[in-house]
Protein chains: 2
Amino acid sequence: MGLTKTAIFTDQDNHLASIAKALAHPARLAILKHLIKQDSCICGDLVLEIGLAQPTISQHLSVLKQAGLIKGNISGTSVCYCIDTEAWQEANEAFAGLFASGMPTTNDCC
Amino acid sequence: MGLTKTAIFTDQDNHLASIAKALAHPARLAILKHLIKQDSCICGDLVLEIGLAQPTISQHLSVLKQAGLIKGNISGTSVCYCIDTEAWQEANEAFAGLFASGMPTTNDCC
DNA sequence: TTATTACATTGCAATATTACGATAAAAAGG
DNA sequence: CCTTTTTATCGTAATATTGCAATGTAATAA
């Protein structure tokens, strides 16, 4: 049905899945990396930097913003985006936690 | 179009995005956590453990397998799944790399 | 051989995602 | 005021995802 049954899962899993979803597109990864690289923030340079149309970039930015990973400031006619450091750190810890819990000793099934 | 323009992006970004996509569903996170918890591997207990129909679980397992995160061994009529430790470690490093590159000093835009 | 058990696959319906052209909207410059 | 610049939003088309009933398959049990 294309609709995830969120009620069945833990809040933690639902939340981590939503963050993973936001990271699950190369354009969004490229946007994040660009924002990180510039430290201070960029706006519509992303449209030139990445080879996608302006509405498409705007949509990807919206996804990242809704996931809480980035923030945007209006300055004049342009909008300035940057990583939300707190959310970024939290996401980092969430993924680190997932991977740290793993790492079994053997790599064999059964 | 629902079709990602992979040619535009780096192999690294495309790969990390594909791993993130595999992690971008709470059922798949729950499956991975269960496999980790049991250390040795489980099969159709997942259908009971998670509240989804057998074909749905099978599909999620297929996604995780295609992403390379898990492996499956046939033993009798049942199939035994476990984390692919190598791929798991690689995924861990890929995410750690992404997050480590970030962490700017200020949390303000512009 | 004939169940039974455990999974995978197929087919389908409902919804989501990706991408972009066209069009708003809001600020700045003339 | 009008124009330009920059971004967001709307509408749409193509494809992907999620979920499950029905069915297929392969190994074991009877």
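Throughout, a chain's letter reflects where its sequence line sits, starting with A, and its residues are numbered from 1. Quick caveat: nothing in here was measured; it's all calculated off a predicted structure. What's counted below: heavy atoms across the whole structure, side chains too, no hydrogens, waters or symmetry copies.
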Taking OP1 and OP2 of [N], is either one under 4.0 Å from a side-chain nitrogen or oxygen of [X]?
X	N	value
A:His60	C:dT17	no
B:Tyr81	C:dA6	no
A:Thr56	C:dC20	yes

If you check every side-chain atom of [X], which of [options] has the closest atom?
X	options	result
B:Thr77	C:dA8, D:dT6, C:dT5	C:dT5
B:Lys21	C:dA16, C:dC20, D:dT17	D:dT17
A:Val79	D:dT15, C:dC7, D:dA8	D:dA8
A:Leu52	D:dT15, C:dA19, D:dA22	C:dA19
B:Lys5	D:dA22, C:dA19, D:dG19	C:dA19

5'-most contact on DNA chain C: B:Val47 or B:Gly2, nearest heavy atom basis? B:Val47
Closer to the 5' end of DNA chain C via nearest nucleotide, is it A:Ala53 or A:Gly76? A:Ala53
Measure the spacing between [atom1] of [X] and [atom2] of [Y] and express it to the nearest 0.5 Å.
X	Y	atom1	atom2	answer
B:Leu29	A:Asp13	CG	CG	5.0 Å
A:Arg28	B:Leu16	CZ	CG	12.0 Å
B:Gln59	B:Gln54	CD	CD	11.0 Å

Kindly indicate whether the side chain of B:Gln54 and the base of C:dA6 share any N or O donor-acceptor pair separated by less than 3.5 Å? no
Just checking [X]: base, sugar-phosphate only, or nothing, at a heavy-atom cut-off of under 4.0 Å?
X	result
A:Thr4	sugar-phosphate
B:Lys65	nothing
B:Ile74	nothing
B:Ser78	sugar-phosphate

Could you tell me the separation between the [atom1] atom of [X] and the [atom2] atom of [N], rounded to a whole number of Å?
X	N	atom1	atom2	result
A:Asp45	D:dT7	CG	C1'	13 Å
B:Leu3	D:dA16	CG	P	5 Å
B:Ile70	C:dA8	CD1	C1'	13 Å
A:Arg28	C:dA19	CZ	C1'	12 Å
B:Ile50	D:dC20	CD1	P	12 Å
B:Leu46	D:dG19	CG	P	15 Å
A:Leu61	D:dT6	CG	P	16 Å
A:Leu64	C:dT17	CG	C1'	14 Å

B:His25 vs B:His60 aromatic rings, parallel, tilted or perpendicular, using cut-offs 30° and 60°? tilted
Do you know the tightest heavy-atom contact between B:Leu52 and A:Lys5? CD2-CD, 3.8 Å
What pair of heavy atoms forms the shortest contact from B:Ala91 to B:Leu69, and how long is it? CB-CD2, 4.3 Å
